[in-house]
Amino acid sequence: MKEPIQGGTMAIRLAGVLTLIYAAACQSTRGPVDPVLVGTWGGENAGLIATDSSAHVHIGCTAGDTKQALVADSAGRFDVPGLYNITLYPVARGPDHPARFFGWTDGHTMSLTVALTDTAVTLGPVQLTFGKEPRMGPCPICRRPRTRG
């Protein structure tokens, strides 16, 4: 005589496997596909233009540059040194300050903060979107960083 098939046990196993497949498919993969962040990122009164070798940032009527690419780690975080001028508009009258440009991205949105390392000044965080033109108001983005070539 044959044993009865344990339909309930099989259904539970199948549900467990489907749950694992669903969980794996829905896991968030933070960080951009390419860790080198390039392109135009825009937001309200803030913008960033990044190349494979530098970045140019405006937050309000201030501006600064990095001398290296913004490279995100596997969690989408970045932190690079650069120079920043907080007394830029309407006439550049102040020195460039050493600064850290840091934040995170998921490849589509970015949170960016600029912290001057020789003063207590911190700008941001500002929220930027990849491919969106910055809405700068009276202070347009004044220059684009050079690319390697």
Q | By side chain to side chain donor-acceptor pair (under 3.5 Å) - contacts of Glu44 (at least two apart) | A |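 Glu44: side chain to side chain donor-acceptor pair (under 3.5 Å) contacts with Arg135.
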Q.
My understanding is that only residues two or more places apart in sequence, or in another chain, count here; which of them pass side chain to side chain donor-acceptor pair (under 3.5 Å) with Thr117?
A.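 Per chain and number, Thr117 pairs via side chain to side chain donor-acceptor pair (under 3.5 Å) with no residue.
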Heavy atoms only: give me the nearest [X]-[Y] pair and the separation to one decimal.
X	Y	answer
Leu83	Phe101	O-CZ, 3.7 Å
Ala46	Pro134	O-CB, 3.4 Å
Val71	Phe78	O-CB, 3.5 Å
Gly47	Met136	N-SD, 3.9 Å
Phe130	Val38	CE1-O, 3.1 Å
Asp52	Val36	CA-CG1, 4.1 Å

Q: Determine, using the 4.5 Å side-chain heavy-atom cutoff (strictly less than), whether Val80 and Leu37 are members of one ILVMFWY cluster.
A: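 Per the 4.5 Å side-chain linkage, Val80 and Leu37 are co-clustered.
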Q) According to a 4.5 Å side-chain heavy-atom criterion applied to Ile, Leu, Val, Met, Phe, Trp and Tyr, with indirect links allowed, do Phe102 and Leu116 form part of one hydrophobic cluster? A)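 No, no single cluster joins them.
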Min side-chain heavy-atom separation [X]-[Y] under 4.5 Å:
X	Y	value
Pro81	Arg100	yes
His108	Thr129	yes
Thr105	Leu128	no

What distance do [X] atom [atom1] and [Y] atom [atom2] have between them, rounded to the nearest 0.5 Å?
X	Y	atom1	atom2	result
His58	Ile49	NE2	CD1	7.5 Å
Lys132	Trp41	NZ	CH2	13.0 Å
Leu70	Leu48	CG	CG	5.5 Å

Q: State whether the side chain of Thr113 and the backbone N or O of Gly124 hold a donor-acceptor pair below 3.5 Å, judged by distance alone.
A: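 Such a contact is absent between Thr113 side chain and Gly124 backbone.
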